[in-house]
Undergrad: 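Below you'll find the structure I mean.
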Amino acid sequence: MSVAQATRPPKAPAGLTHAELNALRADFPMMSAQTNGRPLVYLDSAVTAQKPQVMIDAATRFYEREYASVHRGVYSLSQHATDLFEQARAKVADALGAGKDETIFVRGTTEAINLVAQSYGRSVLKAGDEILLTQMEHHSNIVPWQLVAEQTGARVIAAPITDDGEIDLDSFERLLTGRTRIVAFTHVSNVLGTVNPVRQMTRMAHRRGAVVLVDGAQAIQHLNVDVKELECDFYAVSAHKHFGPAGIGALYARRSILDAMPPYHGGGAMIRSVDFGGSTYLDGPARFEAGTPHIAGAIGWAASIDYLETLDRQRIAAHEADLLGYARDRLSEVENLRVLGNPSERVGAVSFFMSNAHPHDVGTVLDQRGIAVRAGHHCCQPLMKRFGLPATVRASVALYNMRDEIDALIDGLHEVNEVFG
Amino acid sequence: MSVAQATRPPKAPAGLTHAELNALRADFPMMSAQTNGRPLVYLDSAVTAQKPQVMIDAATRFYEREYASVHRGVYSLSQHATDLFEQARAKVADALGAGKDETIFVRGTTEAINLVAQSYGRSVLKAGDEILLTQMEHHSNIVPWQLVAEQTGARVIAAPITDDGEIDLDSFERLLTGRTRIVAFTHVSNVLGTVNPVRQMTRMAHRRGAVVLVDGAQAIQHLNVDVKELECDFYAVSAHKHFGPAGIGALYARRSILDAMPPYHGGGAMIRSVDFGGSTYLDGPARFEAGTPHIAGAIGWAASIDYLETLDRQRIAAHEADLLGYARDRLSEVENLRVLGNPSERVGAVSFFMSNAHPHDVGTVLDQRGIAVRAGHHCCQPLMKRFGLPATVRASVALYNMRDEIDALIDGLHEVNEVFG
Amino acid sequence: MSDLRELYQEVILDHNRRPRNFGELEPPCSEADGHNPLCGDQIRVYVRIVDGKIEKVMFQGSGCAISKASASMMTDALTGKSVQDAAKLFEGFQAMVTSDMDATVGDEMGKLAVFAGVREFPARIKCASLAWHTLQAALKGAHEMVSTE
Amino acid sequence: MSDLRELYQEVILDHNRRPRNFGELEPPCSEADGHNPLCGDQIRVYVRIVDGKIEKVMFQGSGCAISKASASMMTDALTGKSVQDAAKLFEGFQAMVTSDMDATVGDEMGKLAVFAGVREFPARIKCASLAWHTLQAALKGAHEMVSTE
Ligand SMILES: Cc1ncc(COP(=O)(O)O)c(C=O)c1O
Ligand SMILES: Cc1ncc(COP(=O)(O)O)c(C=O)c1O
């Protein structure tokens, strides 16, 4: 990989040169994949990110030469697997600014939020308590709260967002009351790309005595996450959006809260002792990790994180900002097209709607040209309703994308206008 | 792979020839791995099985050339990933004798049992109801029931086992009463290798109106599983014990029960519609699969199943029986050693105890010779208590093992006697 | 591009723009809701049967060009048909959109043959058949929710 | 094999076979339970402090040769020591079993130096230090449960 960490940071961080970007793209095998007989133009990293070869290789090596289960055996092979797994935990913790004793491996963001709802939520919520969300949440940060609300008699409430696609902070603050026990919101909107003022919102919630969960699914791919700086109590991420494997993710839980949480799943590896008269449980993350975990997933994720650390964060961010700005500008050239929202801070994604063609049809026209975008409700039906749309098209960019791909998108949208008149 | 399906089944199924076994071993890269400077002798497949190269390759190919998320996109790449994922479901369902609309992907056996306890169990159990287990259960088939019992006021009861390590069927039947709502037991004991008379036990339970969950974690590696023949209501397995990836498994749930089960996790991909006024959920397995799944896990597992289908099941079973019988015989040569239990039907594993050396120390002596066995309580503390032991050593065999490896084990145990006198 | 034109034939685009029999049918009638959770397509189909004949069929909802045109052309094709004939046409339609690319399309499909192009777009088959599945549910008389996922 | 003999030195095997100070200490004393969930080792350590000195320390439980010998030799080493000296020895012991293979072992470790061989067996370090961790808990006075996992 040639985009080395700059020894002296450039004054105004510039994007990547052509050569650097090409070298970076060569690290991701899918960047030279084909679809429908065309080179793949992947503008759907908000759904899931493509993988660097080093991450794939790490998982392969583990299965071919080092495979054993973790936390099970006294023999060297198993001890080594355990070391790799726990080193991965330390790396993930580090990437979140968390301690490794506050970092629980889960299947992904969705499971992380369900874990908090069922373990923490179910133990503290009472009838009449309120859980405050926002209108821009992903279904994974809505339904788990509805389920626990049903079980406990608590109520789910959503703070409104503005036409620009930003949280309405005044309303948010007003909706925080003495009844609010849990506040859960996304760091970055998967539909609008909006970056929420997490620390400000967290402080408002804490002033009311509520506990804060931040859905970091979209943030981890684009931002420097530091849970201590954000001051949140829980933070949920998925490895597959962080250039790692699917089927693994992490939940940060502030140590003092984690220690007080009742078990989530029961089983092997989370117990201290089991007896039909009653069992006792381990402390720390282990208590929430029953059963054999996705070991190769943790190891692969650690390899992605190592890879990302070889890159110059500032210049990658500048490159991504350039792509998104360019996309935003060029989209305004396309007739019959309206971009959703206009947040002052945006990363990763931009959603739009065409008055003459359903998003689904736009998706098909683009797909024929090798361009992968997401068309649909993006697991954000309440947000769609807020904007009065059944669905949108979303283009999202990651570090490996290039301006040429935005051009391809725009050409495709012109064709939509040709076909649908 | 050279152990082809025999066109005419041999009269008395014989084991594998030397050449066949060598060819089979060459399909598993870990069979030529080293540990502690010695060739690895892997006798711990009951913890987790080693992987055929074809399974590793399938996962690698997916990440390198076909990667996209499932059930999300309208573009071809995503549609293709969805097809691969759903074909994998069909293959797993087939391997269990289940329908694909009765087969839920989970992280593994542990999550499968927790899912049943929390979704089915929590919705039907009332104070005073009983959950009947056996003394030979894995912690993963005990603790989830203790957790739901605490939540609902139900009671967990364990049926005793005999000194031979078999279920005491009379007691089991006597413990089935009008209060018994759920009966959960293992198909094969991970400590003793005992094969339980599943259908007989299921019928006894059904006669009392109870619902039956079978823990298939250990069975899937050795037996032809057919849930319809077993007549159980739930069956739980882990791919990693079936030569597939870790971090994925399946729950079979009889369709009529599955349809009546409330959701488990909330989130994307399990909903029909989401609204702050109330959400509705999909039918079938999808309702229990919130969030992005371990896609490569499903695809890799399918490749393992394909691989297994190229083998002659009968001869593999004969080979495994030969290995286990040979191990049993040769263990009786070792001084100070006592084998646990003597079940009439046994597959996979044999546990033993040495009067002069703690299992942990036995494990270390063997590890120095490159031999991987499990030493400990095997996540079966109640079973250990039943036999009055703190821990045991367990050797377990799978299709790729050979008699030479049993010989290596016996040599190692003689050294234990030398060291510990 | 040629593939695209095969999917989005003029008649499909026309029905998408100006759907026929669009709106609510006054009782007496049966109705059913259909839904494609992947893309959020929602449809409601109303049908009035008189003496074993489909006297009137209408639909409402939002969806892509394919699902809207398919619903619209279905209503045209079925009005006046017997319930048996409707069932046969449904089978024919399903067979057509899920068959091999090269399979010939029978004459009995009439104008519906324009949907043969969907075969090359596996992700869109559900869009084309949503209205038909929903009609089946409405014909069963119960107000059921149908899902193509 | 040479590695093995370094781990299972004669003195360790001897303490394993005939553990010293094994059994229950009558009150007044503090006690704590230790546990290694990986292998199921269970230990209880009792300690009686008089005037800042460890007057008596005993242990009970089941475990592997390493954990039993370590507990036994710990009780020998600590009897009569001041609480401060015990803490120092604990630190020294921890440093020894977790250090590099080539690090030299200080004289102050006395007989405990036989546990230096554990360094080459990372999976066994917890066995060697279980008794020591449990003692620390007992010294804190509370009846706490200690886990090395
Ligand atoms: C904002 C947000 N939250 C949660 C999720 C769910 O993540 P996963 O499917 O990996 O559990 C996603 C991803 O789709 C997302 O974008
Ligand atoms: C009988 C039995 N049940 C359940 C499990 C748990 O399986 P997993 O750790 O894959 O969830 C195991 C594996 O250790 C087992 O042997």
Side-chain angles (χ1 to χ4, degrees), chain A residues 29-30 33 35-36 44 47-48 50-51 56 60 63-65 67 69 72-77 107-108 110-111 114 139-140 142-144 146-147 156 158 238 240 246-247 263 265-268 271 273-276 279 290-297 360 363-364 367 372 374-375 379 381-382, chain B residues 29-30 33 35-36 44 47-48 50-51 56 60 63-65 67 69 72-77 107-108 110-111 114 139-140 142-144 146-147 156 158 238 240 246-247 263 265-268 271 273-276 279 290-297 360 363-364 367 372 374-375 379 381-382:
Chain A
M30 284 296 290
T35 183
N36 289 325
D44 200 20
V47 157
T48 196
Q50 296 297 342
K51 317 304 176 200
I56 304 169
T60 303
Y63 278 125
E64 286 181 358
R65 302 215 295 264
Y67 185 71
S69 197
R72 296 282 188 290
V74 299
Y75 51 88
S76 313
L77 200 67
R107 179 167 33 244
T110 301
E111 185 177 37
N114 279 279
H139 294 164
S140 290
I142 300 175
V143 186
Q146 293 183 320
L147 293 176
V156 172
S238 302
H240 72 94
H265 285 169
I271 60 100
S273 69
V274 172
D275 190 279
F276 283 112
S279 300
T292 305
H294 183 2
I295 313 166
H360 217 148
T364 292
D367 184 36
R374 174 112 184 247
C379 299
Q381 289 182 353
Chain B
M30 284 297 290
T35 182
N36 288 326
D44 200 20
V47 157
T48 195
Q50 297 297 343
K51 318 303 176 198
I56 304 168
T60 303
Y63 278 126
E64 286 181 359
R65 300 215 296 264
Y67 185 71
S69 197
R72 296 282 188 291
V74 299
Y75 52 88
S76 314
L77 200 66
R107 178 166 35 243
T110 301
E111 184 177 37
N114 280 280
H139 295 164
S140 290
I142 300 175
V143 186
Q146 294 183 321
L147 293 176
V156 172
S238 303
H240 72 92
H265 285 167
I271 60 100
S273 69
V274 173
D275 190 278
F276 283 111
S279 300
T292 304
H294 183 1
I295 313 166
H360 217 149
T364 292
D367 184 36
R374 175 114 182 244
C379 300
Q381 288 182 353

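Letters A, B, ... mirror the listed sequences (proteins, then strands); counts begin at 1. This is a predicted model, so every value here is computed, not measured.
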Undergrad: For chain B, which candidate among A:Gly291, A:Ser140, A:Ala290 shows the most heavy-atom pairs at distances under 4.5 Å?
TA: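 Option with the greatest count: A:Ser140.
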Undergrad: Please name the pair of heavy atoms, one in B:Pro144 and one in A:Gly266, separated by the smallest distance, quoted to 0.1 Å.
TA: CG-O, 3.4 Å
Undergrad: Out of B:Val156, B:Thr35, B:Ile56, B:Thr364, return the one with the most heavy atom pairs under 4.5 angstrom to chain A.
TA: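 Option with the greatest count: B:Ile56.
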Undergrad: Distance from A:Phe276 atom CZ to B:Gln146 atom CD, nearest 0.5 Å?
TA: 7.0 Å
Undergrad: Given the options B:Ala296, B:Ser273, B:Gly363, which has more heavy-atom pairs under 4.5 Å with chain A than any of the others?
TA: B:Ser273
Undergrad: Is it the side chain or the backbone of A:Glu64 that comes within 4.5 Å of chain B heavy atoms, both, or neither?
TA: both
Undergrad: Go through A:Ile295, A:Asp275, A:Val143, A:Val274 and name the one with the most non-hydrogen pairs under 4.5 angstrom from chain B.
TA: A:Val274
Undergrad: Under 4.5 Å between any side-chain heavy atoms of B:Thr48 and A:Tyr67, yes or no?
TA: yes
Undergrad: Could you tell me which of A:Asn114, A:Thr60, A:Ile142, A:Val47 has the largest number of non-hydrogen atom pairs under 4.5 Å with chain B?
TA: A:Asn114
Undergrad: Is there side-chain contact between B:Ile271 and A:Gln381, with at least one heavy-atom pair below 4.5 Å?
TA: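 Of all side-chain heavy-atom pairs linking A:Gln381 with B:Ile271, at least one is under 4.5 Å.
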Undergrad: Among A:Ser76, A:Ala33, A:Ser69, which has the most heavy-atom pairs under 4.5 Å with chain B?
TA: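 Top option by heavy-atom pairs under 4.5 Å: A:Ser76.
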Undergrad: If you count heavy-atom pairs within less than 4.5 Å of chain A, which of B:Ser279, B:Cys379, B:Gly297 leads?
TA: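 Max contact count across the listed options: B:Ser279.
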Undergrad: Out of A:Pro293, A:Gly247, A:Ala246, return the one with the most heavy atom pairs under 4.5 angstrom to chain B.
TA: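 That would be A:Ala246.
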Undergrad: Pick out which of A:His240, A:Arg107, A:His294 makes a side-chain hydrogen bond (donor to acceptor under 3.5 Å, both in side chains) with B:His294.
TA: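 Output: one option passes, namely A:His294.
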Undergrad: With heavy-atom distances below 4.5 Å as the criterion, would you say the side chains of B:Pro263 and A:Leu147 are in contact?
TA: yes
Undergrad: Taking the side chain as everything from C-beta on, heavy atoms only, tell me whether A:Val74 gets closer than 4.5 Å to B:Asp367.
TA: no
Undergrad: Counting only heavy atoms closer than 4.5 Å, note whether B:Leu77 contacts chain A via side chain, backbone, both or neither.
TA: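 Contact with chain A is through both the backbone and side chain of B:Leu77.
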